[in-house]
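Below is one structure, written out as structure tokens; the observations come after it.
Index from 1, following the sequence. What you see is a predicted model, and the numbers here were worked out from it, not measured in a lab.
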Amino acid sequence: MKKSIYFLVGMLSLGALFTGCNDDDDFGKAVNITVENATNLEGDIFGVIVTEGQPLQLKPFIMPESARKNAISYHSAGEPTGAIDLSEDGLITPKLTTPATGAIPSPLGTDTIIVRVDDGSGTFVKYPIRVISNVVLVSSITIQSAGQNVEAEKGKTFDLAPNITINPTNATDKSVTYTSEDETVTTVDQNGLITIVGEAGRSTNIVVTANDRGKQSSTCKVKVAAEAPMYVGFPYSDKWEASSNLATKEGNIKDLFDDNNKTYWCPDITTRPIYDPVCYLDINLGGVIKFGQLGWRHRVLNYSHLQCHTFKLEAKKAEGDAWTDLGEFATEPLKVENYQLFPVTPTEAQYIRITFIKGHLRDGKSDWNYSESGNVSVGDLQVSIYNR
């Protein structure tokens, strides 16, 4: 019986405790309020930024959670400047517009508002509301490295536009104007195409200017280069392969490309000056080039080996292609110090064939109507790319 009485008294005491909590006058009242749209303006100043022509609905956030059902009101703090309209439900409508000319103020204007929790707690927050222009000016123009210093020959063109970057990417007006500081050196059209018109060695600047009111600019330097050489040597590499239909009698076939005339290659020709059997040398360049010129240098004089007088050149782009005849060429005799250069019709080629036809005549011989045993030797060869 006593245990039952004690249990009943305990339950009544616990019920009294919960009843006391529900009667707390502060339960459900706000202790803090912020606005989710607020941002750090500078230092420790927080506020809301709205863009011209773009209304913004404020999103308040109340703590604790139990207070979020309470009513919220929105008010101007002090005398409004006319920068915004503020509705009863917290919709901010910017009223200012960007001036048509001149500098753009930043911000266009500011009003201050109060957001209050209407629960008797006195909880509120005050924010400056800044209206900013919807015009985003160009802050800078970047010219990529390939367009910062242009050097090209007279008559050549260079497209500057792909090398231009407008910052920021969301600039309202990203159009630009191109201007040459000296049109006797280079001209430029409004698409950014530069045309070199001056003489070698002269230089000037191309100025790229933003068309918006900020007028940011950047400069490209242009120099007129000396005329490019018509032919550029294609250097020998391990990718090259050389072979002949005849065995090598003396020397090394790779010595043809070492630019050292003390070494040479001698195919096993048995009859000269009309070479028999026919001999050809094949060169695989390891990649396609615009073949434009062959350089030939006789081996340093050795009269037991006859120098080649006439040879035929052929070329092809792919291994399975037919050979293209590029013509026959005659060398000068006894010329061993310098390369003799033989331009050809510029041809896309990876494979070159040199066919030996006949050698120079012996002293006292007036034509090739004779025959003797012997060989032909070659000192050095060069392959050049057509550079125009």
Side-chain angles (χ1 to χ4, degrees), residues 28-142 164-177 208-218:
K29 289 190 176 182
V31 297
N32 185 42
I33 182 171
T34 58
V35 171
E36 292 182 15
N37 316 74
T39 185
N40 184 214
L41 301 178
E42 70 263 342
D44 58 353
I45 300 176
F46 281 77
V48 177
I49 294 176
V50 291
T51 302
E52 166 192 0
Q54 299 177 21
L56 178 70
Q57 178 64 55
L58 294 176
K59 298 178 180 179
F61 182 80
I62 301 174
M63 289 294 291
E65 185 177 355
S66 60
R68 292 176 192 170
K69 62 183 178 180
N70 293 324
I72 299 172
S73 60
Y74 303 89
H75 314 271
S76 293
E79 188 67 26
T81 67
I84 64 168
D85 274 336
L86 178 64
S87 72
E88 291 183 354
D89 60 354
L91 178 67
I92 297 176
T93 303
K95 295 175 65 177
L96 301 177
T97 58
T98 302
T101 59
I104 300 176
S106 181
L108 296 177
T110 302
D111 267 328
T112 302
I113 67 168
I114 293 174
V115 183
R116 177 180 291 117
V117 184
D118 295 328
D119 60 356
S121 65
T123 303
F124 72 93
V125 67
K126 181 189 293 186
Y127 287 124
I129 310 298
R130 293 182 179 178
V131 180
I132 63 171
S133 172
N134 61 8
V135 176
V136 180
L137 295 179
V138 174
S139 61
S140 65
I141 298 174
T142 303
I164 300 296
T165 301
I166 304 300
N167 307 306
T169 56
N170 65 332
T172 303
D173 182 0
K174 293 193 281 189
S175 65
V176 296
T177 296
V208 187
T209 306
N211 287 331
D212 65 13
R213 69 182 73 182
K215 298 301 179 185
Q216 294 291 326
S217 65
S218 192

Contact check, side chains of [X] and [Y], non-hydrogen atoms, under 4.5 Å:
X: L108; Y: I132; value: no
X: T209; Y: V176; value: no
X: S218; Y: S140; value: no
X: V131; Y: T51; value: no
X: F46; Y: P128; value: no
X: V135; Y: D212; value: no
X: R213; Y: I104; value: yes

Legend entry - Heavy atoms from other residues, nucleotides or ligands near NZ of K59 exceed 12 (cutoff 6.0 Å): no
Legend entry - Residues forming a side chain to side chain donor-acceptor pair (under 3.5 Å) with D89, sequence neighbours excluded: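 Applying side chain to side chain donor-acceptor pair (under 3.5 Å) to D89 gives S87.
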Legend entry - side chain to side chain donor-acceptor pair (under 3.5 Å) involving D173 - partner list, sequence neighbours excluded: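 Partners of D173 by the side chain to side chain donor-acceptor pair (under 3.5 Å) criterion, ordered by chain and then number, come out as S175.
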Legend entry - Backbone of V208 reached by a side-chain donor or acceptor of S217 within 3.5 Å: no
Without placing hydrogens or testing angles, list every side-chain donor-acceptor pair under 3.5 Å for residues 114-121, not counting sequence neighbours.
{"unit_1": "R116", "atom_1": "NH1", "unit_2": "H75", "atom_2": "NE2", "d": "3.2"}
{"unit_1": "D118", "atom_1": "OD1", "unit_2": "S73", "atom_2": "OG", "d": "3.2"}
{"unit_1": "D118", "atom_1": "OD2", "unit_2": "S73", "atom_2": "OG", "d": "2.9"}
{"unit_1": "D119", "atom_1": "OD1", "unit_2": "S121", "atom_2": "N", "d": "2.9"}
{"unit_1": "D119", "atom_1": "OD1", "unit_2": "S121", "atom_2": "OG", "d": "2.5"}
{"unit_1": "D119", "atom_1": "OD2", "unit_2": "A30", "atom_2": "N", "d": "2.7"}
{"unit_1": "D119", "atom_1": "OD2", "unit_2": "N70", "atom_2": "ND2", "d": "3.2"}
{"unit_1": "D119", "atom_1": "OD2", "unit_2": "S121", "atom_2": "OG", "d": "3.4"}
{"unit_1": "S121", "atom_1": "OG", "unit_2": "A30", "atom_2": "O", "d": "3.4"}
{"unit_1": "S121", "atom_1": "OG", "unit_2": "T123", "atom_2": "N", "d": "3.3"}
{"unit_1": "S121", "atom_1": "OG", "unit_2": "T123", "atom_2": "OG1", "d": "2.9"}

Inset, instruction - Scan side-chain atoms only and decide if D111 and T81 contain a donor-acceptor pair under the 3.5 Å cut-off. - result: yes
Legend entry - Value rounded to 0.5 Å, distance of CD1 in I62 from CD1 in I33: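 The CD1 atom of I33 is 4.5 Å from CD1 of I62, to the nearest 0.5 Å.
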Legend entry - Distance, nearest 0.5 Å, that separates CD1 of I129 from CD1 of I49: 10.0 Å
Nearest atoms (heavy-atom pairs only) where [X] meets [Y]:
X: T112; Y: K126; value: CG2-CG, 3.4 Å
X: K29; Y: P64; value: O-CD, 3.4 Å
X: R68; Y: F61; value: NH2-CZ, 3.3 Å
X: V138; Y: A171; value: CG2-CB, 3.9 Å
X: A38; Y: V48; value: CA-CG2, 4.0 Å
X: L137; Y: G214; value: CD2-N, 4.3 Å

Side chains of residues 91-99: which donor-acceptor partners sit under 3.5 Å, not counting sequence neighbours?
{"unit_1": "T98", "atom_1": "OG1", "unit_2": "E52", "atom_2": "OE1", "d": "2.5"}
{"unit_1": "T98", "atom_1": "OG1", "unit_2": "S133", "atom_2": "OG", "d": "2.5"}

Inset, instruction - Could you tell me which residues satisfy side-chain contact (heavy atoms from CB on, under 4.5 Å) with T165, sequence neighbours excluded, listed by chain and number? - result: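 If we apply the side-chain contact (heavy atoms from CB on, under 4.5 Å) test to T165, skipping adjacent residues, the hits are T142, Q144, N167.
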Inset, instruction - For residues 31-47, pull every pair meeting side chain to side chain donor-acceptor pair (under 3.5 Å), keeping only residues two or more places apart or in separate chains. - result: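 Pairs touching residues 31-47 that pass the test: E42-R130.
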